[in-house]
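Along the sequence shown, the residues carry numbers beginning at 1.
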Amino acid sequence: GTTLGIWDGGEVLDTHQEFNNTGDSRVTQADSPTAVSWHATHVAGTMGAVTNNGTGVSGMTWSGDILPVRAVGSHFQMAQGFRYACGLLSSPDPVNPTPVGVLNYSAGGSHSTTKEQGVKDCNEAGVIMVCAAGNGYCASVIYPAAYSTTYDKVIAVAATDYNYGANPQRAPYSNCGPEINVAAPGGNTGTDSDGDGNVDGVLSTSWNYGSGTPGYSFWQGTSMASPHVAGLVALMLEQGANPDSVRSILQSTAVDLGAPGFDNEFGHGLVDAKAALGAGSKIAVIATTTTVDSVDKALTELGRVFIKFN
């Protein structure tokens, strides 16, 4: 399966039942162990918690390893971390034996040419980087999400709330800007719109400090929105979608929210997993069967999905 990278503050709790249901953990820790990050663990649950195990939550995808990469240090170290995740380093640097197909970045900060070069290298290697837009209450999109206007495999993700009984709204903390590609559920722990007694956050894997056992918790943030998209991207790659087409598929199949068409709050809209996967499967078939005479028929079948035929 496609390896899912998590660029975060430390390791994922690989003993959690959602990652280690059969005694064989899906989490492949990096060579240099670090402290467990509860943020990374929550993100990992949204991406890849075990499905159909009768407990907890279900992740977006159920196959492939999960590779945490620690996001600390200088911009050079961050760029090297990108390259490590993408399988671009060679000895004497640490070598990643399981390069990622998609890298989730639920963090961010300022621009630097050094950090951008790491993003560029992964982009050229065909790795899709899914990035949180940031939680600055409609402030400017943070980096590396803001590189989406430069690199076609960077996907900047805004967050929506639950807003039970009506269309989702932009989560109040979610950043805005022309760099936004799509939106995904990020939650809002300040409300309980359906009155079920639980806040409207994203429920995912965590640690129960009171009992000292693995558990679950409701969090909010574009950090919680981004892994929904990263997990969906992994599913698309699993069924044969071309990495060059993934972002355009997500955008063209998204559910429009806010102002008609593209806008700076939701980008092209809320990701639609069923529609994106349906479009991806058709693209995989067409890639092997299309002739010049069938291009018009293929485009009609694909509807709004844009395909570039070389």
Side-chain angles (χ1 to χ4, degrees), residues 2-11 28-32 34 37 39-40 43 47 65-136 139-158 175 177-182 222-223 226-227 229-230 233-234 237 242-248 250-251 267 308:
T2 300
T3 299
L4 299 91
I6 297 178
W7 183 256
D8 216 290
E11 292 185 352
T28 302
Q29 306 287 16
D31 289 339
S32 301
T34 62
S37 165
H39 186 274
V43 167
M47 291 173 67
D65 289 334
I66 298 171
L67 176 73
V69 179
R70 193 179 184 199
V72 295
S74 68
H75 285 166
F76 172 74
Q77 289 172 315
M78 295 174 72
Q80 287 292 85
F82 294 154
R83 297 184 184 102
Y84 170 82
C86 298
L88 300 177
L89 296 184
S90 56
S91 182
D93 290 318
V95 176
N96 177 13
T98 56
V100 303
V102 54
L103 178 61
N104 183 81
Y105 195 113
S106 285
S110 61
H111 160 74
S112 80
T113 55
T114 300
K115 181 164 60 178
E116 181 181 0
Q117 185 62 50
V119 173
K120 180 175 183 288
D121 291 345
C122 285
N123 195 86
E124 292 177 348
V127 176
I128 298 169
M129 186 177 290
V130 182
C131 306
N135 304 326
S140 298
V141 174
I142 57 178
Y143 293 91
Y147 293 131
S148 65
T149 54
T150 305
Y151 304 105
D152 65 337
K153 294 177 187 65
V154 174
I155 302 173
V157 182
N175 283 349
E179 302 89 353
I180 299 291
N181 298 112
V182 291
T222 54
S223 286
S226 182
V229 179
V233 168
L237 295 175
N242 187 326
D244 293 338
S245 303
V246 164
R247 191 172 80 175
S248 63
L250 290 172
Q251 292 177 164
K308 178 180 179 182

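Side-chain contact check for V100 versus V69: every heavy-atom pair is 4.5 Å or farther apart. You'll find the side chain of S112 stays beyond 4.5 Å of the side chain of M78, heavy atoms only. With a 4.5 Å cut-off on side-chain heavy atoms, D8 and P68 do not count as touching.
Note: T113 OG1 to K120 NZ = 12.5 Å, rounded to the nearest 0.5 Å. Atom CZ of R247 is separated from atom CE of M129 by 13.0 Å, given to the nearest 0.5 angstrom. To the nearest 0.5 angstrom, N181 atom CG is 4.5 Å from Q251 atom CD. Taken from CG in N175 to OG in S140, the straight-line distance is 7.5 Å, to the nearest 0.5 Å. The distance from the NE2 atom of H111 to the OH atom of Y147 is 4.5 Å, given to the nearest 0.5 Å. Residue T3 holds its OG1 atom at 7.5 Å from CG of N96, rounded to the nearest 0.5 Å.
By the salt bridge (Lys or Arg N to Asp or Glu O under 4.0 Å) test, D244 pairs with K153, sequence neighbours left out. Among residues two or more places apart in sequence or in another chain, the side chain to side chain donor-acceptor pair (under 3.5 Å) test is passed with T2 by E238. For S106, the side chain to side chain donor-acceptor pair (under 3.5 Å) partners two or more places apart in sequence, or in a different chain, are N104. Judged as a side chain to side chain donor-acceptor pair (under 3.5 Å), and not counting sequence neighbours, K115 has no contacts. Checked against salt bridge (Lys or Arg N to Asp or Glu O under 4.0 Å), D152 has no partners two or more places apart in sequence or in another chain.
The closest side-chain donor-acceptor pair between E116 and Y143, if any, does not fall under 3.5 angstrom. For the residue pair D93/S91, the side-chain donor-acceptor check at 3.5 Å is not satisfied. In summary, the side chains of T222 and N135 do present a donor paired with an acceptor at a separation below 3.5 Å, with no hydrogens or angles considered. Judged purely by distance below 3.5 Å, without hydrogens or angles, the side chains of T114 and H75 never pair a donor atom with an acceptor atom.
Ring geometry for F82 against W7 counts as tilted: the plane angle lies between 30° and 60°, on a 0 to 90° scale.
Pairs passing the disulfide (SG to SG under 2.5 Å) check and including a residue from residues 96-130, sequence neighbours excluded, read C86-C122.
One N or O on the side chain of S148 and one on the backbone of E179 form a donor-acceptor pair closer than 3.5 Å.
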